[in-house]
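This report refers to the structure that appears directly beneath it.
Whatever order the structure lists them in is the order used to number ligands and atoms, beginning at 1.
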Amino acid sequence: MKKTTQQKPAKTGRGKKNIVIIGAQWGDEGKAKMVDVLTEQVDIVARYQGGSNAGHTVVTGGKKFVFHQIPSGILHTGKKCVIGNGVVLDPVALLGEMESLVKAGVRVRDRLIISDRAHLLMPYHRLLDGASEIRKGSGKIGTTNRGIGPAYMDKMARVGLKVIDFYEPSYFRQKVREVVKEKNFWLKNYYGQKTVNADQVVDQYLKLAPKIKPLVADTTQYLEKKLSSGENILAEGAQGTLLDVDFGTYPYVTSSSASVGGVSTGLGIGPQWLDEIYGVAKAYTTRVGEGPFPSEMDEVFSEKIRHRGGEYGATTGRPRRCGWIDLVALKYACRINGFTGILLTKVDVLSYLKTIKLCVAYKVNGKRVNEFPAGLQQLSRCKPVYKEMKGWDGDLTKASKLSDLPAEARRYLDEMERSIGVPLSWISVGPDRSQIFQNH
Ligand code: GDP
Ligand code: IMO
Ligand code: MG
């Protein structure tokens, strides 16, 4: 039999590059700021997974915007924004988000396109998320309570409802009635919580359906058409690699594919379209919710960084746990995603520390571990091995090139770059859109 080779469309000559932005740590790395900055270079910004658990902050001209489901490129008039099929769409939260953007003077309706294949986040998903966390007690995950886990569970269990189902009202009602029977069984008998009324849920949701109908489309066709005609996209990830359901610190993760594989399944485009894959990392590490965190600082230091870096959740307001940069975890994220560059944020926050630590390996029972472990138990046993470097003084928020940074800060960045073997492509030194410079 004649051998065939799979043909990849040639990348050369395509001109404009497609970009992916992925969290390289446990979320909140400053992805939205980077998306906002790089939106200038693309025609379309598309979210590929997660839902309203994301809290994506963009600061421009003293104004702060926090996006949950709407892509962070929306402030750039003239660019289109897509909510892909991999997102679990909460229509109530979406309409609220759209309304507050319109109030702030941002045009949304003619620029936002929502996948007809995205699964709907239903009111009972939120109830089940909350109930499950209460039931788990001290073993809770520390979710954002937005119903994300239960919505993805239904998708995988093949009892979910898609945006397209909104427009088949009798099918929608029948399905919700069936599903709610089971949900109520769990709510009442297992969790001891109040049940829901299926018809009330349907009536509430069917009232919302016409409001989003003009935005609904087959986004896979839309993106394919645009890509083929030479337009380019930026795929915006939510959460981060260490919260990815496959590669994160399971079970203390979210329920979606936050890493690079999620782009193809969450947008319906082949991986050959992806050119630049950027990982966004903080110059230190944070995590919200429960779960192992080997380089976590002691509470006094953590509070110091939390205060300086404003480390409070953009969705829930919860204080974020703070730690030193974890190069074992960062190298792992680089490998899993094939990052072509790192976008490093919050370097400014580390000023005025006498010593800065970098976690360069772990130790388990006296043995050095250089790879990020697969299991929760193994990771929980890991103790950080630190390299200490001299800190620096000075306000970095006005730096516009590498040479504006103090020598110690440059040394810190060099050490990081050398260790992970991926270029630090952009350096961010403050929350504002303007506080950033390209490095390589
Ligand atoms: P995301 O979820 O990854 O988009 O990040 P969040 O918006 O949840 O959290 C990042 C926070 O850091 C936001 O408050 C940003 O405004 C802020 N931020 C982003 N880059 C920088 C930076 O370089 N320096 C400082 N000080 N703050 C930054
Ligand atoms: P962005 O996109 C940081 C965390 C929660 C919890 C776990 C599971 O802003 O970076 P979930 O509600 O998804 O079931 O919660 O994941 N988490 C995030 N942490 N940033 C996020 O999003 C997060 N989204 C979820 O705190 O530990
Ligand atoms: Mg966030």
Parallel under 30°, tilted from 30 to 60°, perpendicular over 60°: which one fits the rings of Tyr386 and Trp324?
perpendicular

Can a donor-acceptor pair be found between the side chains of His119 and Asn85 at a distance below 3.5 Å?
no

Note: Val349, heavy atoms under 4.0 Å from ligand 1, region reported as side chain

Strictly under 4.0 Å, does any heavy atom of Gly309 approach an atom of ligand 1?
no

Any nitrogen or oxygen of Val347, main chain or side chain, under 3.5 Å from a nitrogen or oxygen of ligand 1?
no

With heavy atoms under 4.0 Å as the rule, classify the contact between Gln239 and ligand 1 as side chain, backbone, both or neither.
neither

Check whether any heavy atom of Arg320 sits under 4.0 Å from an atom of ligand 1.
yes

Ignoring hydrogens and geometry beyond distance, is a side-chain donor-acceptor pair present between Asp244 and Ser257 at under 3.5 Å?
no

Can you label the angle between the Phe65 ring and the Phe67 ring as parallel, tilted or perpendicular, going by 30° and 60°?
parallel

For atom 6 (P) of ligand 1, find the nearest protein heavy atom and state the residue, atom name and distance (0.1 Å precision).
Gly55 O, 3.6 Å

Per the under 4.0 Å non-hydrogen criterion, ligand 2 touches Trp26, Gly27, Asp28, Lys31, Asn53, Ala54, Gly55, His56, Ile141, Gly142, Thr143, Thr144, Ala238, Gln239, Leu243, Val253, Thr254, Val288, Gly289, Arg318

Applying a strict 4.0 Å limit to heavy atoms, is Gly430 in contact with ligand 1?
yes

Using distance alone, decide if ligand 1 has a nitrogen or oxygen within less than 3.5 Å of any nitrogen or oxygen in Thr57.
yes

Look at the rings of Phe247 and Tyr332 and say which category their plane angle falls in: under 30° parallel, 30 to 60° tilted, over 60° perpendicular.
perpendicular

Option set Lys33, Arg433, Glu236, His56, criterion heavy-atom distance to atom 19 (C) of ligand 1, minimum:
Lys33

Verify the distance criterion only: is there a donor paired with an acceptor across the side chains of Asp154 and His125 at less than 3.5 Å?
yes

Give every protein N, O or S atom lying under 2.8 Å from the Mg ion (ligand 3), naming each by residue and atom.
Asp28 OD1, Gly55 O

